Amino acid sequence: MMELLKVDTVEQVMKKMEDYFKDLVLEGQEIHIADALGRILYEDVEAPLELPEFRRSTVDGYAVLAKDTFGASEGLPTFLNNIGKVEMGKSTELIVNSGECVYVPTGGMLPSGTDAMVMIEHAEHLDELTLAVYQSVAPGENVMQVGEDIQKGEILLKRGRKIKAQDIGALAALGIEKITVFERPKVAVLSTGDEIVDPFSKVQLGQIRDINTYALSAMIEEFGGEIVHRLVIQDEYNQLKEKAAEVLKDCHVLVISGGSSVGTKDVTAKVINDLGTPGVFVHGIAIKPGKPTIIGKTNHKAVFGLPGHPVSAIIVCKVFLGYLLDRLQAQEAGEHKTIYAAAAANIHSSPGKETYQMVILEDQNGEYLAKPIHGKSGAITLLTKAHGYIRIDTNKEGIEKGEKVKVVLF
Ligand SMILES: Nc1nc2c(c(=O)[nH]1)N[C@H]1C(S)=C(S)[C@@H](COP(=O)(O)OP(=O)(O)OC[C@H]3O[C@@H](n4cnc5c(N)ncnc54)[C@H](O)[C@@H]3O)O[C@H]1N2
Ligand code: MOO
């Protein structure tokens, strides 16, 4: 009799991955901040200086001693002597005493003695020297203080941070040219199957255009991975073993789609076991879709055997490979975009399996409704239609219409 799959639960799989892949680590890599968008910080970044480095005006106006303006109004202005002006981008040596003021443009340096800015709209030159101030200002008003933005030594960005556009701006503001990020996890994607062909070649009836290497590679790149090999090979032990051994040299993670089940030609598990130790440690997960998934380790590399059906392959990639790549890059694993919605209908689950139910979201009077959509694991457009999926716990019998559900967004 054919060997039956002994399935693990999702929690058991995550725990096994933690244990087996403990020694799988990525190195740090120094890059220019202009190339840093979307990369993940390898170490904390500390501010090497304070920002701003000098007191800056936030308005075009006059630097004053706030107390000189107290009580000033439209009817009863305060009169000050304008003793000069500050140039943009220049330091100032001016010292301002009570009864005096200095013109400062937005972003310019406040001269010594002043502690607030009066906007030009609230003042008027009566002659070359005399300025009438029509509004009082409080100390610190319209002024950015030294170190107000960030203090020297403060942590600007933490290890594990996925660099955003504004982070690059802050790094530039601090004069930080290079940062150390995680090297990208290098991933090889192989798809097996005698029927799988290049999508852009002349396809014979019975053949199948390769979906998986394209979709999986794109998803892995979304997770920060770098695709080092992307190949379709025959369902044949020697060919798969040879290719797998070759590409393993260049990658941290090898992903093989197809041949994960128990059919006579399904050789992925044997190949993983024969490539090195410890070999396959998961073969079968209590999930739907994706039950025949294989996870193994060979010579300090992670190897995934994903089910051939495109929907299963993509969901398993998102859930399990996504988890590993997140962990390798110091990401809060599973921190995917989610929203809450109300189930638009009763949803059935598969007892004993964690079910990933695809849904379409509809906005109904400002509240999201999650409408289940169905399709076979071979029907890729199920995923192009779905906005995301709901995870239905193994022990839950299903979801009732109107129940609040968490939707993981694609
Ligand atoms: N007797 C049993 N049969 C099957 C079981 C089972 O438990 N007992 N499990 C089913 C489930 S669930 C899945 S999922 C599949 C997994 O099969 P394999 O991983 O062995 O995948 P293949 O047989 O190679 O392919 C399945 C299907 O997907 C198509 N495919 C494969 N690669 C690609 C690709 N790159 N692009 C597009 N389509 C691809 C392939 O043509 C097959 O139609 O096993 C079930 N059977
Ligand atoms: O993993 Mo299979 O995906 O249930 O079709």
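These numbers were taken from a predicted model, which means no experiment stands behind them. Every number for a ligand or one of its atoms is a count from 1 in the order of the listing.
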Does ligand 1 have an atom under 4.0 Å from some heavy atom of [X]?
X    : answer
P310 : yes
P292 : yes
G193 : no

Number the atoms of ligand 2 from 1 as they appear, then name those within less than 4.0 Å of a heavy atom of [X], with their elements.
X    : result
H309 : 5 (O)
S312 : 1 (O), 2 (Mo), 3 (O), 5 (O)
K291 : 1 (O)
P292 : 1 (O)
S377 : 3 (O), 5 (O)

At a 4.0 Å threshold, what atoms of ligand 1 neighbour a non-hydrogen atom of [X]?
X    : answer
N212 : 32 (N), 33 (C), 34 (C), 35 (N), 36 (N)
P307 : 14 (S), 19 (O)
S191 : 32 (N), 34 (C), 35 (N)
I211 : 34 (C), 35 (N), 36 (N), 37 (C)
G258 : 19 (O), 21 (O), 24 (O)

*Heavy atom under 4.0 Å from ligand 1: found in R209's side chain, backbone, both, or neither?*
backbone

*Taking non-hydrogen atoms only, is P289 closer than 4.0 angstrom to ligand 2 via side chain, backbone, both or neither?*
both

Any nitrogen or oxygen of [X], main chain or side chain, under 3.5 Å from a nitrogen or oxygen of ligand 1?
X    : value
H309 : yes
D210 : yes
S312 : no

*Report the member of G259, A269, G305 with the shortest heavy-atom distance to atom 24 (O) of ligand 1.*
G259

*To the nearest 0.1 Å, how far is atom 1 (O) of ligand 2 from its closest protein heavy atom, and which atom is that?*
G290 N, 2.4 Å

*Are R159 and F182 side-chain neighbours, meaning at least one heavy-atom pair lies under 4.5 Å?*
yes

